There are 2 protein chains.
Amino acid sequence: MKDILLDFISKYISLTEDEKNAILSLDLFRSVKKGTVLLKEGQNSKDSFFVLKGCIRIYYIIEGEEKTTAFYTEMDALTPHSVINNAPSDYFIGCVEDSILLVSNSDMEAEINSKFPKFELMCRKLSEELLAKQRIDFDKFKTSSPEQRYQNLLQSRPDLIQRVPQHQLASFLGIKPQSLSRLRGRIHEKRS
Amino acid sequence: MKDILLDFISKYISLTEDEKNAILSLDLFRSVKKGTVLLKEGQNSKDSFFVLKGCIRIYYIIEGEEKTTAFYTEMDALTPHSVINNAPSDYFIGCVEDSILLVSNSDMEAEINSKFPKFELMCRKLSEELLAKQRIDFDKFKTSSPEQRYQNLLQSRPDLIQRVPQHQLASFLGIKPQSLSRLRGRIHEKRS
DNA sequence: TTTATTTGTTAACTTAAGTGAAGGAGTGAT
DNA sequence: ATCACTCCTTCACTTAAGTTAACAAATAAA
């Protein structure tokens with residue numbers, strides 16, 4: 001489990017043994033049960049998440065309806081906007097499967113950053129990379145039809161379609177569950 | 001003009017007079033004519049952009065059709081994914097109006113970052129903030145209908161609707177120009 | 001000025017997503 | 001075992017976006 005974390009970090013910076021031990025000794029690993037709400041709308045927590053195993057999601061409750069907009073799986077990092085802006089959260093964060101997460105709070109991160117300037121560099125690289133990737137995702141979403149989005153997901157993250165409830169997938173694709181059902185039927189028909 | 005830049009930087013870090021002069025002496029300011037293409041698909045430039053005045057956009061050419069997905073106006077920063085990943089660009093960057101930009105290349109930024117570690121901190125804060133903001137934008141896009149997106153834009157960036165051609169706005173909203181026309185007519189009717 | 005070209009609007013028609021309702025399968029609780 | 005609840009699918013119907021085409025207005029080019 002700890003290897004996953006160190007492998008991830010090594011994609012951005014190289015660490016000495018001392019540095020590795022310092023990070024592991026913080027012991028941020030946490031087991032979380034499916035269904036757990038990690039952050040509520042309006043809440044002002046300072047926690048960031050890194051998924052070692054399992055799946056978490058961002059969702060909203062709009063007019064009583066749950067709208068899931070993002071999934072985070074193995075090796076994905078999520079720092080809520082409420083942490084960045086020190087403001088109440090617009091969204092919920094929930095646990096889709098039993099998961100093992102790394103949970104860190106921003107005070108602690110600031111401390112690590114000042115102790116290990118390298119860590120600051122990693123955070124910059126990581127968030128720049130995520131920003132660029134998310135830009136591309138957003139663009140592809142805008143320029144695709146719901147059916148294309150589903151086909152695209154089928155290519156890029158086939159696992160998600162298996163491990164996540166359909167109604168969560170639907171809002172992730174920007175449509176209603178009924179439309180996703182119909183759309184899948186349509187595609188299936190074409191294939192056969 | 002230089003004040004705009006320094007004001008922007010001061011939102012993230014504080015600079016000494018020496019540091020301010022060092023940055024200004026790089027003289028990265030560039031005037032760009034409307035219609036200029038700053039980055040082409042497939043190209044591998046190392047240039048990042050900061051808009052001091054005017055407007056630039058990200059667009060794609062998909063099946064011969066131009067699809068605009070993002071606009072950057074005063075005080076907006078844009079580092080293309082091609083710079084981050086050192087890979088050919090998926091998109092074009094074009095100039096919507098005559099603009100004054102700050103154009104920096106990534107080698108130079110690396111140099112500044114090592115000279116002034118503060119700058120590294122700024123870049124981290126900035127990209128974290130932009131990532132969080134873009135997440136919210138993406139989520140709102142997913143959970144809204146085209147009409148709601150237009151109404152939302154009318155609230156949040158009313159200037160854009162004036163200064164940008166309708167067909168670019170349409171793809172920015174994820175719809176066809178004809179649909180935007182119709183949708184506007186629909187709304188106008190309701191108001192009267 | 002005249003001619004193209006681009007841009008925005010309108011209209012008729014097609015297609016697909018939204019809506020409301022119903023029913024079946026699976027899950028969990030009592 | 002029964003009941004309640006959630007989840008997924010299906011259907012009929014409504015609504016709005018996509019499509020194709022035509023046209024007027026504005027802009028750029030000859």
Side-chain angles (χ1 to χ4, degrees), chain A residues 33-37 55 57 59 61-68 71 92 94-98 141-154 160-192, chain B residues 33-37 55 57 59 61-68 71 92 94-98 141-154 160-192:
Chain A
K33 277 246 157 299
K34 172 178 172 177
T36 308
V37 178
C55 179
R57 64 177 173 131
Y59 66 100
I61 297 181
I62 298 173
E63 296 169 29
E65 297 249 309
E66 243 185 48
K67 307 272 188 180
T68 299
F71 296 103
F92 295 78
C95 206
V96 177
E97 304 170 339
D98 291 353
F141 190 94
K142 276 188 181 175
T143 57
S144 304
S145 67
E147 181 167 335
Q148 287 172 322
R149 281 176 219 148
Y150 180 77
Q151 297 274 21
N152 191 46
L153 192 68
L154 215 51
L160 260 194
I161 295 170
Q162 302 307 321
R163 67 203 286 198
V164 153
Q166 295 296 313
H167 67 283
Q168 290 179 13
L169 258 192
S171 57
F172 178 71
L173 294 170
I175 56 177
K176 304 282 161 183
Q178 297 93 318
S179 297
L180 177 56
S181 241
R182 176 169 43 199
L183 181 159
R184 296 181 67 178
R186 215 159 57 211
I187 290 171
H188 234 249
E189 220 172 55
K190 282 183 198 163
R191 292 203 189 287
S192 60
Chain B
K33 277 246 158 297
K34 171 178 172 176
T36 307
V37 178
C55 179
R57 65 179 173 129
Y59 65 101
I61 297 182
I62 299 173
E63 297 170 32
E65 297 249 310
E66 242 185 48
K67 305 272 189 181
T68 300
F71 296 104
F92 295 78
C95 206
V96 177
E97 305 169 340
D98 292 353
F141 190 95
K142 276 188 181 175
T143 56
S144 305
S145 67
E147 182 167 333
Q148 287 173 321
R149 281 176 218 147
Y150 180 77
Q151 298 273 22
N152 191 45
L153 192 67
L154 215 51
L160 260 194
I161 295 169
Q162 302 306 320
R163 67 203 286 195
V164 153
Q166 295 296 311
H167 68 282
Q168 289 180 15
L169 258 191
S171 57
F172 178 72
L173 293 170
I175 57 175
K176 303 283 162 184
Q178 298 92 318
S179 298
L180 177 55
S181 244
R182 178 169 41 200
L183 181 158
R184 295 181 66 177
R186 216 157 57 210
I187 290 171
H188 233 250
E189 219 173 55
K190 281 184 199 162
R191 291 203 190 285
S192 57

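Note that the structure is predicted; figures quoted are calculated from it, not measured.
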Trainee: Among B:Lys34, B:Arg163, B:Lys33, find the one that has a salt bridge (charged side-chain N to carboxylate O under 4.0 Å, His left out) with B:Glu97.
Mentor: B:Arg163
Trainee: With B:Phe71, which residues qualify under ring pair (Phe, Tyr, Trp, His ring centres under 6.0 Å), at least two apart?
Mentor: B:Phe172
Trainee: Counting primed atoms plus P, OP1 and OP2 as sugar-phosphate and everything else as base, spell out the protein contacts along nucleotides 22-30 of chain C at 4.0 Å heavy-atom distance: B, S or - for each nucleotide, 5' to 3'.
Mentor: ---------
Trainee: Looking at CD of B:Glu147 and CD1 of B:Ile175, how far apart are the two atoms once the value is rounded to the nearest 0.5 Å?
Mentor: 9.5 Å
Trainee: Take the protein atom CZ of A:Arg184 and the nucleotide atom P of C:dA17, then report the distance between them rounded to whole Å.
Mentor: 14 Å
Trainee: Output all residues satisfying side-chain hydrogen bond (donor to acceptor under 3.5 Å, both in side chains) with B:Ser145, sequence neighbours left out; order by chain, then residue number.
Mentor: B:Gln148
Trainee: Listed by chain and number, what are the side-chain hydrogen bond (donor to acceptor under 3.5 Å, both in side chains) partners of B:Glu65, not counting sequence neighbours?
Mentor: none
Trainee: Describe, in one word, how the ring planes of B:Phe92 and B:Tyr59 are oriented to each other, choosing from parallel (under 30°), tilted (30 to 60°) and perpendicular (over 60°).
Mentor: parallel
Trainee: CG/A:Leu173 to NZ/B:Lys142 distance, rounded to the nearest 0.5 angstrom?
Mentor: 7.5 Å
Trainee: Can you sort out the partners of B:Arg182 under salt bridge (Lys or Arg N to Asp or Glu O under 4.0 Å), two or more places apart, ordered by chain and number?
Mentor: none
Trainee: Tell me the interatomic distance from B:His188, atom NE2, to C:dG8, atom P, rounded to whole angstroms.
Mentor: 16 Å
Trainee: Considering residues at least two apart in sequence or located in another chain, which fulfil the side-chain contact (heavy atoms from CB on, under 4.5 Å) criterion with B:Ile161?
Mentor: B:Tyr150, B:Leu153, B:Leu154, B:Leu169
Trainee: First and last nucleotide of DNA chain D touching chain A, 5' to 3', heavy-atom cut-off 4.0 Å?
Mentor: D:dC7 to D:dT10
Trainee: Roughly how far, to the nearest 0.5 Å, is the OG1 atom of A:Thr143 from the CZ atom of A:Arg149?
Mentor: 9.0 Å
Trainee: Estimate the overall bend of the helix from C:dT1-D:dA30 to C:dG23-D:dC8 from the end axes over five pairs each, rounded to 10 degrees.
Mentor: 50°
Trainee: Within the 4.5 Å heavy-atom criterion, are B:Pro146 and B:Leu183 side-chain neighbours or not?
Mentor: yes
Trainee: Can you list every pair that meets side chain to side chain donor-acceptor pair (under 3.5 Å) and has a residue in residues 164-177 of chain A, with sequence neighbours left out?
Mentor: A:Gln166-A:Arg184
Trainee: Provide a list of protein-nucleic acid N or O atom pairs under 3.5 angstrom, restricted to nucleotides 18-21 of chain C.
Mentor:
unit_1 : atom_1 : unit_2   : atom_2 : d
C:dG18 : OP2    : A:Lys176 : N      : 3.2
C:dG18 : OP2    : A:Ser179 : OG     : 2.7
C:dG18 : N7     : A:Arg182 : NH2    : 3.0
C:dG18 : O6     : A:Arg182 : NH1    : 3.0

Trainee: Which residues pass the side-chain hydrogen bond (donor to acceptor under 3.5 Å, both in side chains) test with A:Arg57, sequence neighbours left out?
Mentor: A:Glu66, A:Thr68
